[in-house]
Amino acid sequence: MSLSATPDTPLPGRRATLSERGGETPDVDIVDVTKRFGDITAVDAMRLSVARGAFYSFLGPSGCGKTTTLRMIAGFEQPTAGEIYLAGEPVAGVPPYQRNVNTVFQHYALFPHMNVAQNVGYGLRQRGTTKADEARRVGEALELVRLSGYERRRTWELSGGQQQRVALARALINQPTVLLLDEPLGALDLKLRKEMQLELKALQQEVGITFVYVTHDQEEALTMSDTIIVMHHGRIQQQGGPAELYERPVNRFVANFIGVSNPIDGKLVEHDPSTGRGVVQTDRGLRLTGLVTDPDARPAPGTEVIVAVRPERLQVEPATHAAPPADGWSSVEGRIHQGTYLGDHTEFRVATDIAGEMVARRQNAAGAAAIMGVGPGDPVVVRWEDSANLILVA
Amino acid sequence: MSALLTTALVFPAGLWYLALLVAPLLIVVVFSFGTRATNGGYEPGLVLNNYERLLQPQRIEPFFTSLWMAIAGTIGCLLVGLPLAYFIATRAGQRKGLFILLLVIPFWTSFLIRTYAWLIVLGRENLGGFIGELVGDPDFRILGTPAAVLLGLVYGYLPLMVFPLYVTLERMDRTLVEASKDLGAARWATFRQVTLPIALPGLITGSILVFIPMMGEYVIPSILGYGRTFLMGNALVDAFIQTRNWPFGSAMAVGLILVMLVTITIYVWFVNRGRHGRDVSVL
């Protein structure tokens with residue numbers, strides 16, 4: 001499947017810049033970068049190329065090194081080892097104020113002693129832009145973030161979402177090579193956050209500037225990103241488009257961090273590296289056929305692995321009229337432990353002897369009546385297709 | 001009930017201000033229009049000649065001496081205090097508390113003793129003589145000069161400048177500095193455009209806190225200046241204790257208050273120019 005970064009058509013002005021620079025140089029190139037703070041390795045031998053005009057997200061739990069990476073790109077931290085290139089130029093030792101990169105900070109960091117227009121024009125004033133030019137471009141930038149007419153307002157009079165937009169305008173007005181965003185939506189409430197996610201994505205497509213976004217919220221990353229970089233313990237676990245990460249997580253961390261999965265322990269008995277197809281004998285006698293998701297893994301037969309199955313791939317049917325066993329399907333018997341009605345879908349927890357407790361989700365597309373007939377204690381059969389089996393080696 | 005409680009809690013402070021600030025101030029104003037009794041002190045009257053005398057050249061001189069010494073002293077406190085407060089607030093890390101303590105410890109000793117200590121430090125056997133040798137002038141003195149008084153003023157009031165500055169700088173969001181650098185401002189540009197304006201309320205508070213007592217300073221010019229740098233404090237002591245001309249002394253006190261009010265008003269207006277709707281707590 002081809003869900004990787006497809007940069008949207010840049011603005012005409014942007015395209016001119018592109019050809020000037022000769023096209024294909026990545027906006028950010030991180031080459032073997034390591035960052036240590038004392039004994040702690042925050043970022044460990046990272047390699048990454050950020051393509052021009054795309055929306056990248058660093059996703060991971062707190063302390064995984066995502067913010068440190070962002071701060072190294074911005075110039076607030078220097079790598080302990082390795083080199084970072086911005087638009088092809090190495091930037092070791094270049095201070096933040098000489099890098100063509102701008103940041104939207106977590107708590108916006110708007111200057112409290114300046115009004116909205118003075119905040120947005122700050123970057124231009126540092127470059128000696130004329131007053132008339134500054135006023136015009138500030139007007140344009142505020143229009144871009146839908147804050148026209150707010151020029152004279154004090155920043156603390158604005159709502160969180162408006163402050164967020166001022167911070168965006170203040171950064172974008174400088175036309176940076178890359179815009180860095182450090183969990184900028186964290187302080188907003190859920191509804192506003194969802195709106196801003198879509199708005200940010202639309203804005204990024206409109207201006208065509210490369211966005212590098214840091215978040216610990218998987219949903220946020222899935223909503224906006226062309227490419228997600230999942231990080232853990234300072235290392236990149238996996239990099240890819242949203243669907244790729246969800247459908248083909250390469251290891252247990254990614255499988256559990258993005259979405260939920262049912263883990264079944266077992267040993268690998270067959271593996272064909274050319275197709276990725278593998279067969280797993282589970283500890284409790286189930287034989288599962290699936291895909292070894294990590295294309296680089298060369299697991300020997302007998303390796304302990306986990307088969308992960310996403311909850312929405314499981315079908316739960318009353319034992320009395322379950323479909324007969326079929327080729328290409330696996331099934332286990334169990335009893336409903338809990339059924340939770342969640343509006344658009346129902347979540348079942350099924351206790352099985354063979355695969356432990358399994359979580360299944362069923363869309364309530366046919367109305368609430370369709371889920372009746374299965375309640376706590378009822379015997380059921382859980383069925384899923386072989387294509388749902390993700391064999392995780394690490 | 002709570003209104004009653006508020007009244008009860010505010011009452012002691014109110015009484016204090018009334019009895020020890022408002023009443024004496026009124027007495028001083030009333031005295032300033034009286035005449036000197038034959039044996040000194042105050043005799044009721046309603047004359048303006050105390051104020052007329054105040055405007056005589058040799059009488060008005062201490063006002064100007066005080067004013068420029070206090071202004072120079074305030075600037076001195078700023079020049080030393082701002083970097084110090086900035087360092088403690090932003091660079092000292094874990095040792096913040098230690099530095100604050102070091103700043104406070106001298107104040108556990110009497111002001112008089114600390115001023116006498118400077119008498120020794122600046123004396124001919126020590127710093128005074130050393131500098132004299134450096135410049136090759138055997139008659140070189142620090143003590144008894146305005147420089148000694150200025151040094152004493154800056155030393156004595158520095159903490160009053162450092163603390164308010166420290167508090168505003170400490171409260172300042174450090175990511176504002178990063179944001180400024182991120183937007184292309186180098187270190188000095190960031191300091192000028194972000195740190196300094198944000199520290200301004202502390203700077204104003206500190207300046208006023210040191211300026212007011214410096215205007216009325218008496219001990220430092222007497223000890224370190226040998227009384228040769230004649231400030232308002234010295235003139236007041238002269239009027240009340242030596243010549244026992246209470247009405248004239250009262251007129252000087254009123255004049256001093258007016259000079260301070262005017263100076264501080266001009267100062268606050270000057271630094272707040274063009275800053276609308278900004279809540280600057282002055283004291």
Over all heavy atoms of both residues, which pair between B/Ala179 and A/Phe105 is shortest? Give the atoms and the distance, please. CA-CE1, 3.5 Å
For the CD atom on A/Glu143, are there more than 12 heavy atoms of other groups (residues, nucleotides or ligands in this structure) within a distance under 6.0 Å? no
CZ (B/Phe87) with more than 12 external heavy atoms under 6.0 Å: yes
Could you go through B/Val194 and A/Tyr122, starting from their C-alpha distance and side-chain angles, then the distance that decides it, and tell me whether this counts as side-chain contact (heavy atoms from CB on, under 4.5 Å)? CA-CA 11 Å; B/Val194 176; A/Tyr122 191 86; 3.5 Å; yes
Which region of A/Arg71, side chain (C-beta onward) or backbone (N, CA, C, O), has a non-hydrogen atom less than 4.5 Å from a non-hydrogen atom of chain B, or is it both or neither? side chain
Derivation of the side-chain contact (heavy atoms from CB on, under 4.5 Å) call for A/Phe111 and B/Ser180: CA-CA 9 Å; A/Phe111 302 122; B/Ser180 170; 4.0 Å; yes
Check the surroundings of atom CD in B/Glu61: do more than 12 heavy atoms from other residues, nucleotides or ligands lie under 6.0 Å from it? no
A/Tyr150 atom OH: more than 12 heavy-atom contacts under 6.0 Å: no
When you compare the side chain of A/Pro112 with that of B/Asp173, does any pair of heavy atoms fall below 4.5 Å? no
Crowded around A/Phe37 CZ? As in, over 12 foreign heavy atoms under 6.0 Å? yes
Using the rule given for side-chain contact (heavy atoms from CB on, under 4.5 Å), can you reason through A/Arg170 versus B/Leu183, listing the C-alpha separation, both sets of side-chain angles and the distance that settles it, and then say yes or no? CA-CA 8 Å; A/Arg170 185 177 72 174; B/Leu183 291 164; 3.5 Å; yes
CZ of A/Phe76 to CD of B/Glu178, rounded to nearest 0.5 Å, is 4.5 Å
Check each atom of A/Leu110 against the heavy atoms of chain B and say whether the ones under 4.5 Å are side chain, backbone, both or neither. backbone
B/Ala189 and A/Gln126: which non-hydrogen atoms are nearest, and at how many Å? CB-OE1, 4.2 Å
So, the side chain of B/Asp182 versus the backbone of A/Pro96: is there a donor-acceptor pair under 3.5 Å, distance only? no
So, the part of A/Asn102 with a heavy atom under 4.5 Å from chain B: the answer is both
Please say whether more than 12 non-hydrogen atoms of neighbouring residues, nucleotides or ligands are located less than 6.0 Å from OH in B/Tyr218. no
Short question: side chain of A/His113, backbone of B/Gln193 - any donor-acceptor pair under 3.5 Å? yes
